[in-house]
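Below is one structure; the comments refer to it alone.
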Amino acid sequence: MSGREGVFAGDDPFELLRRWMDEAKLSEINDPDAAALATVDESLLPNVRMVLLRIVGTNDVVFFTNYTSTKAKEIEGAGKAALALHWKSLRRQVRVRGPVVKESGELADDYFASRSLGSRLGAWASDQSSPLSSRQELEDRLAHATETHGHTPPRPDFWGGYRLSPIEMEFWRDGEHRLHDRFVWRRATPNDQWNVTRLFP
Ligand SMILES: Cc1cc2nc3c(=O)[nH]c(=O)nc-3n(C[C@H](O)[C@H](O)[C@H](O)COP(=O)(O)O)c2cc1C
């Protein structure tokens, strides 16, 4: 692909994303894996919020959340979503979109087990995106979760991952005079080969 070298080198966009995230780990002050997750509700009104992009696999990416949250309802309603990562320190952006399925097996168990005890108990305590009467109600629920599960809370069945299999991944790097570099990897389905195209900024 003519002109794709340096930070854009390589044919596998998952490898490229991992490389950019590794570089961001060295320069971002917080959450180099933070991504804006875009969904649509049933009226097609867009919604967006940050999540942590915890796993970049060989053909998909995974983030974790509460399965009764607003984002979960929107993901499951549409069956697809988009993510955007932006690293201010690197002046780079990555966009990813495609179909999404639940990841509620062993991988979700393993990831849940790797979280701090506080985060694991917090997952039990939070009815994410539902109305909460007061901070006290949350603290009461946390105390209840601690009493019930002690130091070994299992993964709640209402909490786990979503696996997005991209059909599009775009890599953007800031250029002088707004003449940025953009390369997009596209494929018709997650089982197809990628085509790479350079885009006008
Ligand atoms: C940097 C950052 C990372 C976040 N990571 C997650 C995450 O991985 N999972 C999650 O459920 N919420 C995460 N949140 C909170 C979400 O942005 C959001 O407030 C919450 O999930 C509820 O969204 P919803 O009501 O649209 O479902 C994060 C927030 C920030 C600012």
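Ligands are counted one by one from 1 in listed order, and the atoms in each one are counted from 1 as well. All residue numbers in this chain count up from 1 along the given sequence.
If you check which protein heavy atom lies closest to atom 20 (C) of ligand 1, you get Gln128 NE2, 3.5 Å. Nearest protein heavy-atom contact of atom 24 (P) of ligand 1 is Ser129 OG, 3.5 Å. Ranking the protein heavy atoms by distance from atom 6 (C) of ligand 1 puts Val51 CA, 3.5 Å first.
Although no hydrogens or angles enter the test, the distance criterion places a donor-acceptor pair under 3.5 Å between the side chain of Arg182 and the main chain of Phe200. Arg95 places no side-chain N or O within donor-acceptor distance of the main-chain N or O of Val184, the cut-off being under 3.5 Å.
For ligand 1, the polar-atom distance check finds an N/O of Met50 within less than 3.5 Å of one of the ligand's N/O atoms. Considering backbone and side-chain N/O atoms, Asn47 never comes within less than 3.5 Å of an N/O atom of ligand 1.
Using a 4.0 Å cut-off to heavy atoms of Thr70, the atoms of ligand 1 that qualify are 24 (P), 25 (O), 26 (O), 27 (O). Under a 4.0 Å criterion applied to the non-hydrogen atoms of Thr65, ligand 1 contributes the atoms 10 (C), 11 (O).
Residue Asp31 touches ligand 1 through its side chain alone, judged by heavy-atom distances below 4.0 Å. At a heavy-atom distance under 4.0 Å, only backbone atoms of Phe64 (N, CA, C or O) approach ligand 1.
Of the protein's heavy atoms, at least one falls inside 4.0 Å of atom 27 (O) of ligand 1.
Checked options Phe14, Phe8, Trp20, Trp87; the residue passing with Phe171 is Trp20 (criterion: ring pair (Phe, Tyr, Trp, His ring centres under 6.0 Å)). In summary, of the residues considered (Asp33, Val51, Ile55), a side-chain contact (heavy atoms from CB on, under 4.5 Å) with Phe63 occurs for Val51 alone.
Within a 6.0 Å radius of CZ in Arg91, other residues, nucleotides and ligands contribute 12 heavy atoms or fewer.
In the candidate list Lys71, Arg54, Arg49, Lys71 is nearest to atom 22 (C) of ligand 1, counting heavy atoms. Within the set Leu52, Ile75, Asn66, the minimum heavy-atom distance to atom 8 (O) of ligand 1 is found for Leu52.
Salt-bridge formation is detected for the pair Asp11/Arg4: a Lys NZ or Arg NE/NH1/NH2 atom is positioned less than 4.0 Å from an Asp or Glu carboxylate oxygen.
In the model, Arg120 has no side-chain atom that pairs as donor or acceptor with a side-chain atom of Thr152 under 3.5 Å.
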